[in-house]
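Everything on this sheet refers to the single structure shown next.
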Amino acid sequence: MRTHDSATAPDAIAVTGPGARTAGASGPSTPAPGSRAAASQAPGSGSRATVAGSRTAAPRVPDSGPDSRAPAPDSRRRGTLLAGLGVVAFSLTFPSTVWGLESFGPWSLVAVRSTLAALLAGVFLLAGRVPLPERRHWAGLAVVAGGVVIGFPLLTSLALQTSTTSHAAVVVGLLPLTTAAFAALRTGRRPSRTFWIAAVSGAVVVLGFTLAESGGALSTGDLYLFGALLVCAAGYTEGGRLAGLMPGWQVIGWALVLCLPLMVAASAVALSLEPVRLNAHGVIGLVWVAAGSTFFGLYVWYRGMAAIGIPKASQLQLAQPLLTLVWSVTLLGETLSPAAPVAAVAVLVCIAVTQRSKS
């Protein structure tokens, strides 16, 4: 999260490719003047001068090729690690939300967590002297804000009033497949058949496991959960696209700042209407969902998606419901069934297949 990264990221994207170098300083400054001079001094030799000019520029392209290709494996590994950290952060969201609901109402919890996360993001943006995003990016940032800053936290908080964390994990099991579908529609890319088979298989495993853990019954919060699934997938997809144009932390940072005026007003109204009963669990839960899930988690998540692609990054979330169940046992005292290790192995196999398949 270095200052010069945020200041230079857009320029780096604009001039990265070999075509940008050829059309930039090396192209017009060397071959073109050379060809004019040769044409004026030796009539009939213009074509040779042009060929010579192209030959002097040609070695630069192979030199840049290995440099652009060599970081690819490291970039994929780094992207997978970052997206994985995001999944770990997200896996703590439901247990932390349950803790937060011990002290706050659902509307208050969402409004206050978004306000705190927006203030944290604003500090980082100001410290880095990050310029405002271009106007063409604001619509996409609004989608991110509506999906992952407001929609998903609010709908899941409402659902967790009547649903257990195990049952709520169903939405997380379906999220990777939904995100991949949104990404295919938004970007026009079509993942391979192997990718889809592995993704659907993983989603089926997670869905079956979480439904079995919750007894297979549908709670009254299911409508909230499925609504959260849709808005979050849209926010992830748009955020992943924007993370290819600006640093990922700036994507979520500006999305949070965009919501700040609304969330400050919502916090004032919600806190006046809903009772507040502060305790240690409530404060810890609020701090985590604000700083951990909303800011840090989305920061590393969008950076990971930008490095390895939206569909493959989304499949890492197949492990999120199982991690959530682990945290539920550790933090909330829920009982984990013996089927969990079997489901975990099956999910890891699906993740490995999706990571190796071409998208």
Identify each donor-acceptor pair in which a side-chain atom of residues 193-209 lies under 3.5 Å from a protein atom, sequence neighbours left out, and give them as a table.
| unit_1 | atom_1 | unit_2 | atom_2 | d |
| --- | --- | --- | --- | --- |
| W196 | NE1 | P191 | O | 3.4 |
| S201 | OG | I197 | O | 2.7 |

Give every donor-acceptor pair under 3.5 Å between a side-chain atom in residues 224-233 and any protein atom, sequence neighbours left out.
none

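Residues satisfying the side-chain hydrogen bond (donor to acceptor under 3.5 Å, both in side chains) test with S108, not counting sequence neighbours, are E274. Listed by chain and residue number, V87, V88, S91, W327 satisfy the side chain to side chain contact (heavy atoms under 4.5 Å, CB included) test with L323 (two or more places apart in sequence, or in another chain). Under the salt bridge (Lys or Arg N to Asp or Glu O under 4.0 Å) criterion, R136 pairs with E134, not counting sequence neighbours. Every residue two or more places apart in sequence or in another chain that forms a side chain to side chain contact (heavy atoms under 4.5 Å, CB included) with V112 is listed here: L116, S267, L271, L286. For the side-chain hydrogen bond (donor to acceptor under 3.5 Å, both in side chains) test, no residue two or more places apart in sequence or in another chain qualifies with T156. In this view, S328 and T165 satisfy the side-chain hydrogen bond (donor to acceptor under 3.5 Å, both in side chains) rule, not counting sequence neighbours. T93 meets the side-chain hydrogen bond (donor to acceptor under 3.5 Å, both in side chains) test with S293; sequence neighbours excluded.
Pairs engaging residues 239-258 under the salt bridge (Lys or Arg N to Asp or Glu O under 4.0 Å) rule: E238-R241 [sequence neighbours left out]. Sorted by first and then second residue, the ring-ring contact (aromatic ring centres under 6.0 Å, His included) pairs involving residues 253-281 (not counting sequence neighbours) are W99-H281.
A tilted orientation is assigned to the rings of F296 and Y299, their planes being inclined by 30° to 60°.
Taking every heavy atom of both residues into account, A307 and G79 meet most closely at CB-CA, 3.6 Å. Heavy atoms only, all atoms of each residue included: G253 and A121 are closest at CA-CB, 3.6 Å. When all heavy atoms of G292 and A89 are compared, the closest pair comes out as O-CB, 4.0 Å. Of all heavy-atom pairs between A117 and T294, the closest is CB-CG2, 3.6 Å. Of all heavy-atom pairs between G244 and A306, the closest is N-CB, 4.1 Å.
Without hydrogens or angle criteria, S103 side chain to N279 main chain gives a donor-acceptor distance under 3.5 Å.
Between Y236 and W301, a ring centre-to-centre spacing shorter than 6.0 Å is recorded.
Taken from CG in L245 to CD in Q250, the straight-line distance is 11.5 Å, to the nearest 0.5 Å. Note that CG of L332 and CZ of F94 are 12.0 Å apart. Values are rounded to the nearest 0.5 Å. Remark: R303 CZ to L81 CG distance equals 10.5 Å, nearest 0.5 Å. Between atom CD1 of residue I284 and atom OG of residue S96 there is a gap of 9.0 Å, rounded to the nearest 0.5 Å.
Each of L256, V257, V251 was checked for a side chain to side chain contact (heavy atoms under 4.5 Å, CB included) with L141, and the lone residue meeting it is V251. T97 pairs with exactly one of P153, S157, P106 by the side chain to side chain contact (heavy atoms under 4.5 Å, CB included) rule, that one being S157.
Under a 4.5 Å side-chain heavy-atom criterion applied to ILVMFWY residues, the cluster that includes V269 comprises L273 as well.
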